[in-house]
Amino acid sequence: DTGVSQDPRHKITKRGQNVTFRCDPISEHNRLYWYRQTLGQGPEFLTYFQNEAQLEKSRLLSDRFSAERPKGSFSTLEIQRTEQGDSAMYLCASSFGTGSAEAFFGQGTRLTVV
Amino acid sequence: KQEVTQIPAALSVPEGENLVLNCSFTDSAIYNLQWFRQDPGKGLTSLLLIQSSQREQTSGRLNASLDKSSGRSTLYIAASQPGDSATYLCAVYGGGGNKLTFGTGTQLKVEL
């Protein structure tokens, strides 16, 4: 197992376009998280899945954002009608078991909206 | 709402020096605390995980302590090397939902 994998690593898009990111967690990790990180800041929580169920969403996750985790495996994060303020690093993390388990992060997807 | 603060925001030290990074959090009802390393433009690498029932964890030249009641953690790096240059992030799980709450990090530069 090579760890948490994210694709693409970089994405440049024009304002108003839709983008989709993919995250493949570590095999058998039941918990999956999405975070967003802007320059000079720590990552901020966006949403959390336990298996295929989306159990928690941040207020940061506006109605332009949607996340899925079909069959409890990989996850996708879609941003519709992108805005310049969406430019950030989008990080995916996974863990196994309970909330006290260690979280492992992917390399992130750097989104630039022009 | 859980809030995490890291001090200092930036630190520059000569190679070989021992150093301490500080992390504080406002809500002591946490499950665990993790220290991460982040290189520029990269993802996060987990360094140490301390469960709420533990006082410290060690990995190589790194030692992290946790004082849950006072809401504090420290990361001790012994005999620093230029390869240790990175941003170090502290995060707590709990005290506000199923998520990690991060500090803004300490940017460390170890000079030759």
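Letters A, B, ... are given to chains in the order of the sequence lines, protein chains preceding strands, and every chain is numbered from 1.
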If hydrophobic clusters are built from ILVMFWY residues whose side chains come within less than 4.5 Å, do Tyr35(A) and Ile26(A) share one? no

Sorted by number, residues from residues 73-94 of chain A in contact with chain B (heavy atoms, under 4.5 Å): Met89(A), Leu91(A)

If you count every heavy atom of other residues, nucleotides or ligands that lies below 6.0 Å from Leu60(A) atom CG, does the total exceed 12? yes

Above 12 or not: heavy atoms from other molecules or residues under 6.0 Å from CZ of Arg61(B)? yes

Hey, is CZ on Arg15(A) packed in by over 12 heavy atoms from elsewhere, all under 6.0 Å? no

Glu17(B) atom CD, neighbour heavy-atom count above 12 within 6.0 Å: yes

Which atoms of Gln6(B) come close to chain A, meaning under 4.5 Å heavy atom to heavy atom: side chain ones, backbone ones, both, or neither? neither

Path from Phe65(A) to Phe49(A) over hydrophobic side-chain contacts below 4.5 Å: yes

Contact class of Ile30(B) relative to chain A, heavy atoms under 4.5 angstrom: neither

Quick check for you: to the nearest 0.5 Å, what is the distance between Lys99(B) atom NZ and Thr47(A) atom OG1? 11.0 Å

Would you mind telling me which of Gly108(A), Pro43(A), Gly42(A) has the largest number of heavy-atom pairs within less than 4.5 Å of chain B? Pro43(A)

Leu49(B) reachable from Tyr76(B) in the ILVMFWY side-chain graph, under 4.5 Å edges: no

Is there a donor-acceptor contact under 3.5 Å from the side chain of Glu102(A) to the main chain of Ser46(B)? no

Closest-packed option against chain B by number of heavy-atom pairs under 4.5 Å, given Gln50(A), Arg110(A), Gln37(A): Gln37(A)

What part of Leu44(B) gets closer than 4.5 Å to chain A, counting heavy atoms only: side chain, backbone, both or neither? both

Shared hydrophobic cluster for Ile77(B) and Phe36(B) (ILVMFWY, side-chain gaps under 4.5 Å): no

Is there a path from Phe21(A) to Phe105(A) through hydrophobic residues (I, L, V, M, F, W, Y) whose side chains come within less than 4.5 Å of each other? no

Looking only at atom types and distance, does a side-chain atom of Glu56(A) sit under 3.5 Å from a main-chain N or O of Asn98(B), one as donor and one as acceptor? yes

With no hydrogens and no angle check, is any side-chain donor or acceptor of Tyr33(A) less than 3.5 Å from a backbone partner on Leu100(B)? no

